[in-house]
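Read through the structure below, which is laid out as structure tokens, and then see the notes.
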Amino acid sequence: MDTSAPSPFVNGETLKTFLGRRVRTVVQVQHNEGGVLLGLSTDGHQLTIRGASGAPEPPHYIEVIGIADSSLSIRAESCTDFGENFDGVAFNGLCKLANDKYNYLFL
């Protein structure tokens with residue numbers, strides 16, 4: 001595991017605290033056209049993912065690792081298809097724990 005450039009788990013709410021940094025999140029694909037993807041975060045925020053070429057069509061979930069450009073957008077470095085069945089509630093809970101009470105357990 002490369003710990004020199006950690007990518008914290010974020011949801012739509014916590015993305016704004018990591019502007020300019022590498023982050024990791026999961027979104028449900030809403031619309032995908034020309035490498036720009038609109039996705040719904042696990043806590044209900046609509047996020048714009050740039051550079052998501054080759055991402056699947058709705059309603060798939062994808063993991064995105066990239067740089068937080070703004071409070072609602074990420075410049076993707078990699079995208080991984082998680083399929084249509086993903087527990088967004090569990091991932092959202094993980095994001096809350098990773099950025100609050102148990103943040104010391106995460107990079």
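Keep in mind that the numbers below use all heavy atoms, side chains included, and drop hydrogens, waters and symmetry copies. Count residues from 1 along the sequence. Everything quoted here is computed from the prediction, not taken from an experiment.
- In the hydrophobic clustering of this structure, L19 does not group with V23; members are Ile, Leu, Val, Met, Phe, Trp, Tyr whose side-chain heavy atoms approach within less than 4.5 Å, directly or through other members.
- With 3.5 Å as the limit, one finds no donor-acceptor pair spanning the side chains of T14 and T17.
- Both V29 and I49 belong to a common hydrophobic cluster when Ile, Leu, Val, Met, Phe, Trp and Tyr are linked at side-chain heavy-atom distances under 4.5 angstrom.
- Between L72 and L15 the shortest side-chain heavy-atom distance does not fall below 4.5 Å.
- Both V64 and F18 are part of a single hydrophobic cluster, where members link through side-chain heavy atoms under 4.5 Å apart.
- Contact detail for G83 and D81: the closest heavy-atom pair is N-OD1, 2.7 Å.
- Between R22 and E77 there is a side-chain heavy-atom pair separated by less than 4.5 Å.
- Remark: side-chain polar atoms of T25 are paired, donor with acceptor, to backbone N or O of V10 under 3.5 angstrom.
- Minimum heavy-atom separation, R50 to S73: NH1-CB, 3.5 Å.
- Across every non-hydrogen atom of R24 and S7, the tightest pair is NH2-OG, 3.2 Å.
- F86 and F91 have tilted rings, their planes meeting at an angle from 30° to 60° on a 0 to 90° scale.
- For the pair E84 (side chain) and P59 (backbone), a donor-acceptor distance under 3.5 Å is absent.
- When all heavy atoms are compared, the tightest approach of A76 to G51 is CB-O, 3.9 Å.
- L40 and Q46 make their closest contact through CD1-N, 4.3 Å (heavy atoms, listed as atom of the first residue, atom of the second, distance).
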Exercise for review: Could you go through the side chain to side chain contact (heavy atoms under 4.5 Å, CB included) check for T48 and L38 one step at a time?
Suggested key: CA-CA 5 Å; T48 301; L38 295 179; 3.5 Å; yes
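- Here the OG atom belonging to S41 is positioned 6.0 Å from the CG atom belonging to N11, to the nearest 0.5 angstrom.
- Between P8 and R21 the shortest side-chain heavy-atom distance falls below 4.5 Å.
- Although no hydrogens or angles enter the test, the distance criterion places a donor-acceptor pair under 3.5 Å between the side chain of N99 and the main chain of C95.
- The CG atom of N92 lies 5.0 Å from the CG atom of D43; values are rounded to the nearest 0.5 Å.
- No side-chain donor-acceptor contact under 3.5 Å links N32 to the backbone of E57.
- A side-chain contact (heavy atoms from CB on, under 4.5 Å) with F82 is found for exactly one of I62, V27, V26, namely V26.
- Cluster annotation: Y61 and L94 are assigned to the same hydrophobic cluster (Ile/Leu/Val/Met/Phe/Trp/Tyr, side-chain heavy-atom contacts under 4.5 Å, transitive).
- Across A55 and L37, no two heavy atoms sit closer than the pair CB-CD1, 3.6 Å.
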